[in-house]
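Position 1 is the first residue of the sequence; numbering continues from there. These numbers come from a predicted model, not from an experiment. One-based numbering, in listed order, for ligands and for the atoms of each.
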Amino acid sequence: MATTLGKKSAAKNSSKKGAGKESKGGKPGRMIYYFGAKQCDGDGTMKSLLGGKGANLAQMTKIGLPVPPGFTITTQVCIDYYKHGKKFPEGLEGKVASFVKLLEKETGKKFGDGSNALLVSVRSGARDSMPGMMDTILNLGLNDDTVKGLAAATGNPRFAYDSYRRFIQMYGDVVMGVQKRHENENDPFEEVMEVLKHELGVHNDTDLTEESLRELIKRYLHLIKQRTGKNFPQDPFVQLLGALGSVFGSWMNDRAILYRRKYKIPDEWGTAVNVQSMVFGNMGDDCATGVAFTRDPATGEDVFYGEYLVNAQGEDVVAGVRTPKPVAEMADDPMFAGTYKQLEKVRERLEKKFGDVQDFEFTVEKKKLYMLQTRHGKRTALAYVKIAHDMVKQKLMTPEHAIQSADPDALSQLLAPIFDQADYAAAKNGGRLLTTGLAAGPGAATGQLVFTASKAEELAHAGKKVVLARVETSPEDLRGMIAAEGILTSRGGVSSHAALVARQMGKVCVAGAGGIQIDYAKGTLNCAGQTLREGDAISINGSTGEVFAGGIKTADSELLQVLIAETMKPEDSLVYQYYAFIMKLADKYRKLGLRTNADTPEQVKHAIAFGAEGIGLTRTEHMFFEGDRIDAMREMILAESEEVRRAALAKLLPYQRDDFEGIFRALAGRPATIRLLDPPLHEFVPHEAKAQADLAKKLGLSPEKVAVRVAALHEFNPMLGHRGCRLGISYPEISEMQVRAIFEAAAKVQKSGIKVKPEIMIPLVGFKKELDNQVELVHAVAAKVQKETGEKIRYLVGTMIEIPRGALTADEIAETAEFFSFGTNDLTQTCLGMSRDDSASFLPHYTELGIVKANPFASLDTTGVGQLMQIAVDKGRKTRAGIKLGICGEHGGDPHSVVFCHNLGLDYVSCSPFRLPVARLAAAQASLGKTY
Ligand code: PEP
Ligand code: MG
């Protein structure tokens, strides 16, 4: 990994988005940027160099918000760290020392000073936030000596020793690697604490006195020595260097890598590190710490939303160890009413300055407010559409930002299921409601109960739906959270790890359901006198926080009820209205056309509701499986003479004509790219002896004959045999029947006053002559039908570009083809030499190893397959300047691939109806210059 990172230089890094602006404050090679009252080197535009956190700390300092001073070590240093085999670049240590001096000057404190020590936090900060994935260290600078000074200065020795033990615990874990060794082992530091508490007969951490905390520290230091053979470092500068190395190191930890894969964040971005003077939310009852959103990140409501904990440190809120109070309660608390007023003003300034909902952390130290970080708040898709709608209307957000800031994939959440109302009511009335926790990730989930991430993954792999229940989650649970339908925790608030991650992933989540007791050892969940075991059915409602025993049927989302089932009117659904606002905005920017892959009139209707402007691919073969047409199809395949084949085809003709007629009518004048038969014929014949015998009987053939023919048709993957245009060339009568059906349907529909725009597409073309052969046939049949019906039909004939030879000889092929549609499913398998049907057995491992950045069948391999597409586009246009270009492989609904297609200058993307909202938004983002 280190080498991959190392090889990508600064030049690569700076070519990414936003880098242009960054030369502004940054001298080349500068490793550290200061933020403080007198000197503030960076600003909010410098995210790729300072990371999101560093850039925003600088920006908040610049606009006069109370930010504790500190400095940011750039992402470039992280890149260099990996380039030099995990060593700091030359000169870094000296630079860090001089910035520590500057910080000492501003704070009037000193590193290691026995009576007035400077204490700092060391936090990661990548360009895009990766919540909880990398390491953080607080209270750095404490040692056996400075702890005494802190005790004296605050007059609160208990606080000082508690801070020291927290620091040792964090540092021991993160820098020195003293951690639990398997999933269900307790944290070793927690274990030491539990033993001590047991010896002392106390229950809460807060019951530990100064003296017992000193004892705890002794035991912690011993644990570290025992586990690592090393002493805990007492020199603050040594502590700092250790912490820096470990934060840089955490960029490449498993969970950070997994997170980047999921969110497609490049490894080569690196993380910045922020060293910031400490403020304390745990010095007493006039102190607090909190996390707040300027609007509700789950629903998008314009309310100040968040949580705080009195007398606590920041990680207590995020870790969900104690359940915090809603921030609104601060207003009624005499101790914090003033701070609350100040926070309300901060809320307003942040939205105005950053132009989006902010998720910020604050600390109150002795009633004084400090801002520790701010970032664009992660939100559910529902909150996204509502916030974008509201903030654009309030002129707080630019329409461009409303489009650019979306995660198009997340829009699918709006289509996610909700509980079937009747079944839901039955569960409630039947006494199956176990408890209600916090509604942390909207939607309905039902599945088998599991308690560990590994079990969740294992069952999900086997095709089971699971709900993952944990006391609280930690980043190690990420894999399980990805695999689960829903996540349930018994502890923690709406900004706990479980809630944050679920919201971002669009997972259904109920957090902090205090009424349930989870026993990992026994594998049980107890609640309200009931016991559920691993594997039992459980249902959770992430919109209300309800937890139910047993399964509950799920039903269509509101959006689907408006758009598809039409059981709800648009004016009755606010969700629909927000969604429609965003889609309209997207259409304003979008340059790519939007088509759909649809094979039935119903699918076409759905697609049009989602914004499709035509069909990009009709796979005609899907029509042959309906009803008893498969019999005629099989008869045709088993025919031993052209005559018998034609007779069977004649039976299929009326079916196909009806199919096309329905499609043309549903399209109401929009274009339809219809592909002639593509798959190899063995896909249509039965393979089991019994089914073959039945077929033989039906067709009046001997079972042996059928078996022989089926065996002759057998093909091995990757399905590159007798398929595509090769079929139409071998059996022209099949193409003739299909073309006749298309034109007869077109003539009929056109005659009824509805426009038709058929585009006949020939699959799997690698040679111009293959295309010529089929195009000649198309023109001949089209001419015949037009003559017979007296209808003049305007149509196009083109081809799929889906094998490399087709792409490489696109100039020749474009002499005949009036359009190209990239069949990137086949183009990927043929370019990569990787069977699309067999790759699932090794691709996940490939992704983990970083051999491929993402599954190339889901997200275009732009360097390889993309190059073939570029060649085809260039060569195709050279021959036929105005050639129509589109894509109809699965990639047409993938945001990254859509951006690539936009940059290639394609005319449209085509994808399945339910991916259209995603493609629509991604296409608008592409026009606004989105890069990945
Ligand atoms: C393709 O190959 O990308 C394509 C759309 O065709 P099919 O998936 O039907 O092979
Ligand atoms: Mg194909």
Side-chain angles (χ1 to χ4, degrees), residues 594-600 603 607 612 614-625 672-684 715 717-728 734 738 759-767 770-771 774 798-807 810 813 817 819-840 855-862 864-866 868-869 872-873 884-894 896-898 900-901 904 906-913 915-916 919:
L594 206 59
R595 292 200 187 189
T596 190
N597 295 357
D599 308 328
T600 66
Q603 285 175 10
I615 289 182
L617 173 64
T618 286
R619 289 178 167 101
T620 50
E621 59 270 17
H622 290 173
M623 300 164 173
F624 295 126
F625 285 95
T673 304
I674 301 169
R675 180 179 73 185
L676 301 190
L677 191 66
D678 180 9
L681 299 180
H682 74 83
E683 288 208 346
F684 299 90
E715 295 200 349
N717 275 327
M719 292 232 305
L720 289 174
H722 204 171
R723 57 166 287 211
C725 60
R726 298 160 200 169
L727 283 175
I734 300 179
Q738 291 201 296
E759 300 173 353
I760 317 299
M761 182 155 76
I762 313 300
L764 218 75
V765 166
F767 296 86
E770 288 175 317
L771 181 64
Q774 290 291 287
T799 182
M800 295 188 79
I801 297 291
E802 54 183 343
I803 52 176
R805 196 180 194 283
I813 290 174
F819 65 86
F820 289 164
S821 177
F822 287 101
T824 44
N825 303 334
D826 275 314
L827 195 58
T828 299
Q829 77 165 353
T830 50
C831 173
L832 272 58
M834 189 184 277
S835 158
R836 58 198 261 194
D837 302 303
D838 303 314
S839 55
N855 178 342
F857 292 103
S859 197
L860 262 176
D861 160 37
T862 50
V865 178
L868 284 173
M869 292 171 74
V873 166
K884 190 188 277 195
L885 301 167
I887 176 174
C888 63
E890 287 313 294
H891 307 88
D894 165 64
H896 293 71
S897 314
V898 170
F900 183 78
C901 291
L904 264 187
L906 299 195
D907 294 297
Y908 67 85
V909 292
S910 184
C911 61
S912 66
R915 290 299 292 178
L916 283 164

Measure from the side-chain N and O atoms of [X] to the backbone N and O of [Y], and report whether any donor-acceptor pair falls under 3.5 Å.
X: Asn825; Y: Gly889; value: no
X: Arg595; Y: Gly616; value: no
X: Ser897; Y: Ser859; value: no
X: Arg726; Y: Glu770; value: no

Considering all heavy atoms, the nearest [X]-[Y] contact:
X: Gly893; Y: Ala919; result: CA-CB, 4.4 Å
X: Leu594; Y: Tyr908; result: N-CB, 4.2 Å
X: Met834; Y: Phe857; result: O-CZ, 3.3 Å

**Salt-bridge criterion met for Asp826 and Arg836 (N-O under 4.0 Å)** = yes
Does the pair Glu759/Lys884 count as a salt bridge with the N-to-O cut at 4.0 Å? yes
* To do: Find, among atoms of Asp826 that are N, O or S, the one nearest to the Mg ion (ligand 2), and state its name.
  =>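 Among the N, O or S atoms of Asp826, the one closest to the Mg ion (ligand 2) is OD2.
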- Relative to the Mg ion (ligand 2), which of the N, O or S atoms in Glu802 is the closest?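 Within Glu802, restricted to N, O or S, the Mg ion (ligand 2) is closest to atom OE1.
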Atom indices of ligand 1, in the order listed, that fall short of 4.0 Å to a heavy atom of [X]:
X: Asn825; value: 1 (C), 2 (O), 3 (O), 4 (C), 5 (C), 8 (O)
X: Asp826; value: 1 (C), 2 (O), 3 (O), 10 (O)
X: Arg619; value: 4 (C), 5 (C), 6 (O), 7 (P), 8 (O), 9 (O)
X: Gly823; value: 1 (C), 2 (O), 3 (O)
X: Cys888; value: 5 (C)
X: Leu617; value: 5 (C)
X: Glu802; value: 1 (C), 2 (O), 6 (O)

Taking N, O or S atoms only and a limit of 2.8 Å, check whether Asp678 reaches the Mg ion (ligand 2).
no
* To do: Please state whether His891 comes within less than 4.0 angstrom of ligand 1, counting heavy atoms only.
  =>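 So His891 does not count as touching ligand 1.
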*Is the shortest distance from a heavy atom of Glu890 to ligand 1 less than 4.0 Å?*
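False for this residue.
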Counting only heavy atoms, which portion of Met761 has something under 4.0 Å from ligand 1: side chain, backbone, both, or neither?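 Neither; no heavy atom under 4.0 Å.
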One should read off an interatomic distance between Phe900 CZ and His891 NE2, to the nearest 0.5 angstrom, of 11.0 Å
**Asked** In the protein, which heavy atom is nearest to atom 6 (O) of ligand 1, and how far is it?
**Response**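 The closest one turns out to be Arg675 NH1, 2.9 Å.
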* Asked: For Met800 and ligand 1, does the shortest N/O to N/O distance drop below 3.5 Å?
  ->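 There is no such contact.
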Does any N or O atom in Arg836 lie less than 3.5 angstrom from one in ligand 1, N or O only? yes
